[in-house]
Amino acid sequence: MSKNSKSVVFSGVQPTGNLHLGNYLGAIKNFVNLQKKMECIYCIVDLHAITVFQDPKELKKNILDTTAGFVACGLDFKKSIIFNQSSVSGHSELAWILNCVSRVGWMNRMTQFKEKAGKNKENASVGLYVYPNLMAADILLYKSTHVPVGDDQKQHLELARDIAQKFNNDFKVNNFFPIPEPLIQKKLSRVMSLRDGTKKMSKSEESNYSRIDLQDSADEINKKIKKAKTDSLPIPGNIEELKNRPEALNLLNIYSFITNSDLEKILENMAGKDFSKFKNELSDALVATICPIGKKIKELKNDRKYLMRILKEGSNKAGIIAKENLDKVKEIVGFISH
Ligand code: TRP
């Protein structure tokens with residue numbers, strides 16, 4: 001398939017250290033597919049990370065580990081642009097300009113800020129508050145047309161669309177920024193915790209048993225799946241019957257995604273089966289896919305030079321596009337460039 005030159009895919013991933021199954025199935029696996037069809041830019045968003053305090057040594061390590069994870073999962077730095085956000089200064093520069101386009105009323109509607117800041121709103125960083133404007137800058141800096149995002153980022157993408165529209169209107173530059181479209185995976189927009197099927201699988205959940213890390217051993221994967229929460233009913237024959245069974249749905253969804261097969265078909269074949277038996281098959285499928293990725297991550301982590309080279313190459317490529325677009329933005333806004 002030839003790449004569609006008018007489409008630009010952009011997405012960002014936080015450098016949180018060890019990537020887990022949710023990162024892989026919910027995002028990176030899709031990134032790998034997209035790079036075959038479109039121009040793709042994948043950014044490790046270190047500027048976003050520091051909206052809550054990060055230990056500097058940890059942050060550096062996490063950026064490199066995330067890079068290793070990207071490559072181990074199949075992202076190809078020759079096909080896609082892979083880089084860390086802070087190395088292209090255009091992100092911060094455009095974010096400031098967009099801070100002045102975006103409205104306080106819009107910010108105040110952002111549910112993720114409310115969740116993250118919680119009761120401690122007065123003590124949250126200002127960065128955390130304007131984080132969605134930086135995300136809009138990430139996307140618009142490359143005039144991106146498509147943004148693969150999970151459920152939890154839909155509202156931020158809506159905001160990026162509003163900001164793009166307002167910029168185009170305010171400065172009377174129709175179509176300058178394309179209005180970015182979300183790319184939401186139809187079948188699976190999130191992998192849920194193995195302990196609670198209503199919560200997203202997350203690095204921040206305390207129990208290790210809630211998630212599968214990409215570097216888990218076969219033993220660990222088996223143990224975690226064995227312990228994963230289910231209910232007492234067998235596998236039903238149709239999706240409808242999974243409605244109020246979040247844990248059962250989650251495990252079946254994971255199986256469907258990891259084996260690239262339709263959930264409907266799986267249910268047809270497995271209806272009536274006990275979850276304990278199904279769990280064995282799920283573990284086998286996970287081990288077959290995840291363990292080779294984990295092994296590759298471990299190898300790559302030992303090759304810091306190679307990881308640095310990937311980020312440098314990506315930053316150079318991203319920097320060229322960013323500069324061209326940012327120069328135009330500055331001209332539109334009325335700045336004088338030298
Ligand atoms: N906010 C996103 C998250 O927490 C990460 C992100 C930053 C992003 N910039 C982006 C995602 C631009 C898509 C596009 O997951």
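As the structure lists them, so they are numbered: ligands from 1, and atoms in each ligand from 1.
- Judged by distance alone, the side chains of Asp213 and Tyr24 never bring a donor and an acceptor atom under 3.5 Å apart.
- In summary, Asp219 and Lys223 do not engage in a salt bridge, as defined by a charged side-chain N under 4.0 Å from a carboxylate O.
- Ligand 1 places these atoms under 4.0 Å from at least one heavy atom of His48: 7 (C), 9 (N).
- If you number the atoms of ligand 1 from 1 as listed, the ones under 4.0 Å from a heavy atom of Val147 come out as 13 (C), 14 (C).
- By the 30° and 60° cut-offs, the orientation of the rings of Phe83 relative to His91 is tilted.
- A salt bridge does not link Lys166 with Asp162: none of the charged nitrogens is closer than 4.0 Å to a carboxylate oxygen.
- Here the shortest heavy-atom pairing between Gln153 and Gln112 reads NE2-NE2, 3.4 Å.
- Polar contact check, His156 against ligand 1: no nitrogen or oxygen pair lies under 3.5 Å apart.
- Nearest non-hydrogen protein atom to atom 10 (C) of ligand 1 is Met135 CG, 3.5 Å.
- Side-chain N/O atoms of Asn316 and Glu313 include no donor and acceptor closer than 3.5 Å.
- When each atom of ligand 1 is checked for a heavy atom of Gln14 under 4.0 Å away, the hits are 4 (O).
- Looking at Ile139 against ligand 1, only its side chain comes within 4.0 Å, counting heavy atoms.
- The protein heavy-atom contact nearest to atom 9 (N) of ligand 1 is Asp138 OD2, 2.7 Å.
- Using a 4.0 Å cut-off between charged side-chain N and carboxylate O, Lys273 and Glu281 make a salt bridge.
- The closest protein non-hydrogen atom to atom 5 (C) of ligand 1 is Gly12 O, 3.5 Å.
- Of the candidates Phe10, Tyr131, Tyr42, it is Tyr131 that places a heavy atom closest to atom 1 (N) of ligand 1.
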